[in-house]
Amino acid sequence: MDSCRIPANASKCSGSTMECFMVLSTQAQKISIGILCGLFGTMCVFENSLVLYLIFSSPGIRKKPSYLFIGSLALADILASIIFVCSFVNFHVFNEAGFSKEVFLLQLGGVNTSFSASLSSLLLTALDRYISISRPSEYKLLMTRKRAWTALAVLWVTCATIAGLPLLGWNCCTLDSSCSELFPFVDDNYLSGWICFVVVLLGCIVCAYAHVLWRARQHVAYMEQHQAQAGKQNSRMRMDVMLAKTLAMVLAVLMLCWSPVLVLMIYSIFGRLSDHLRKVFAFCSTLCLLNSMVNPIIYALRSKELFSSLRRVLFHFRRLLKAPEESPEAESTHKSSVIETVCEDTHAM
């Protein structure tokens, strides 16, 4: 059976249009999507919330612009997982189509804002590493906390504006133009523009990391030749090299998770998608959640500062658990029970 097609512009914005995009036809497919979204989404929220707590509960870490950008990435991943899972499961698993065009575009705008902000945060992090390695002596002057917060504000406003364009009128219903085969009410030209935006972001990230890793290699060679002079500067270089490798791993995971989705989006603009490919796209969309779930794991394993902060939090938590057992009240209660027992034994005698 061929996929549901919209025959004419007159009917493409009707209520029945939403049903054409519900591509999961069997209960097994719906259960699989529900399990994947539930698992990835829950882990993503928990892990990224932990990363945010570790960053902003530590005065030394939260003052560094590098970790402000990582905190923005974690926040974007949390929002993306919550909005994506709720809207995606509600639409594809429960087949809920009783909402208006504006509500759907608002949900889609939230998902696009979050994922775009996640990608843009990676770009800012890459640029931060680029400046740190290419101009280490001027890094603290160039990358201040004020500039970092300003860059983050511009980032989120820009992403929200671009993602909100369909809701503001750039959609196929308002413009009476060709609609996307993957998203209801989305204009093909807008989808093309959003794909170009994402590709440009990815290209800038790749270029920045290519230079960062090249400089990191030079630093490694330098340190091997000057081991006797190891000091503060070499420690700084080691930190830059470690963080560069960590973020390169994040980028590799990002490309692996986003490539299938972007390829299918590009293909949908130039050709017509079959039911099978649209189902593949639905399953590949969950890879974006997987990417958001893997990012904090990489930080915990690779960042010594975050790992040390996590150890302090776990140690503090263990002390809180042991505190009731060792508290004066508990000791007093224990002594009272002992005295009462002795008295009872005395009376019994």
Side-chain angles (χ1 to χ4, degrees), residues 48 51-52 54-77 117-156 158 200-227 229-255 294-310:
N48 284 287
V51 169
L52 280 179
L54 293 178
I55 290 175
F56 290 100
S57 65
S58 174
I61 293 179
R62 68 169 177 257
K63 290 180 181 179
K64 298 181 179 181
S66 301
Y67 288 102
L68 290 180
F69 299 146
I70 292 176
S72 174
L73 174 64
L75 176 62
D77 286 337
S118 176
L119 199 57
S120 300
S121 298
L122 275 177
L123 175 59
L124 288 182
T125 310
L127 294 176
D128 173 73
R129 290 300 90 202
Y130 173 82
I131 296 173
S132 176
I133 286 186
S134 62
R135 305 174 72 175
S137 60
E138 304 174 34
Y139 174 76
K140 290 186 177 181
L141 294 176
L142 294 174
M143 191 58 67
T144 61
R145 295 184 76 246
K146 182 178 180 181
R147 290 180 178 178
W149 282 112
T150 301
L152 289 175
V154 172
L155 178 158
W156 281 92
T158 301
V200 168
L201 285 178
L202 288 173
C204 292
I205 294 173
V206 170
C207 290
Y209 275 119
H211 186 83
V212 166
L213 295 178
W214 175 67
R215 292 300 297 266
R217 243 181 120 181
Q218 287 185 326
H219 285 323
V220 171
Y222 175 84
M223 286 187 291
E224 290 176 351
Q225 294 176 0
H226 300 79
Q227 292 239 334
Q229 302 175 2
K232 186 175 180 181
Q233 186 176 5
N234 279 353
S235 298
R236 174 67 180 175
M237 289 179 181
R238 288 191 184 95
M239 186 185 71
D240 289 341
V241 171
M242 176 65 73
L243 196 49
K245 291 180 179 179
T246 298
L247 296 174
M249 291 173 60
V250 173
L251 179 61
V253 173
L254 180 77
M255 296 295 291
V294 170
N295 284 344
I297 296 177
I298 297 176
Y299 305 147
L301 292 177
R302 304 284 298 181
S303 173
K304 291 183 179 180
E305 290 175 298
L306 283 181
F307 187 72
S308 298
S309 180
L310 177 61

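The chain is numbered in sequence order, starting from 1.
Separating the SG atom in Cys207 from the OH atom in Tyr130 is a distance of 10.5 Å, to the nearest 0.5 Å. How far CG of Asn48 is from CG of Leu52: 7.0 Å, rounded to the nearest 0.5 Å.
Contact detail for Tyr139 and Ser66: the closest heavy-atom pair is OH-OG, 3.4 Å. Taking all atoms of both residues into account, the shortest heavy-atom contact from Met143 to Asp128 is CG-OD1, 3.4 Å. Here the closest non-hydrogen pair linking Ala76 and Ser118 is CB-N, 3.5 Å. Closest approach of Leu73 to Leu122, counting heavy atoms only: CD2-CD2, 3.9 Å. The shortest heavy-atom contact between Ile55 and Arg62 is O-CB, 3.3 Å. Heavy atoms only, all atoms of each residue included: Leu68 and Ala148 are closest at CD1-CB, 4.0 Å.
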Checking side chain to side chain contact (heavy atoms under 4.5 Å, CB included) for the pair Leu54/Ile61: CA distance, chi angles, key distance, verdict? CA-CA 8 Å; Leu54 293 178; Ile61 293 179; 5.9 Å; no
With side chain to side chain contact (heavy atoms under 4.5 Å, CB included) as the test, would you mind laying out the steps for Phe69 and Leu127 before giving the verdict? CA-CA 10 Å; Phe69 299 146; Leu127 294 176; over 6 Å; no
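Scanning for side-chain hydrogen bond (donor to acceptor under 3.5 Å, both in side chains) contacts around Ser72 gives Ser121, Trp156, with sequence neighbours left out. By the salt bridge (Lys or Arg N to Asp or Glu O under 4.0 Å) test, Arg135 is found to be paired with Glu138, residues two or more places apart in sequence or in another chain being considered.
Annotation: side chain of Leu155 is not in contact with side chain of Leu123 (no heavy-atom distance under 4.5 Å).
Between the side chain of Thr150 and the backbone N or O of Lys146 there is at least one donor-acceptor pair closer than 3.5 Å.
Looking at Val154, Leu201, Thr158 one by one, the single match for side-chain contact (heavy atoms from CB on, under 4.5 Å) with Ser120 turns out to be Leu201.
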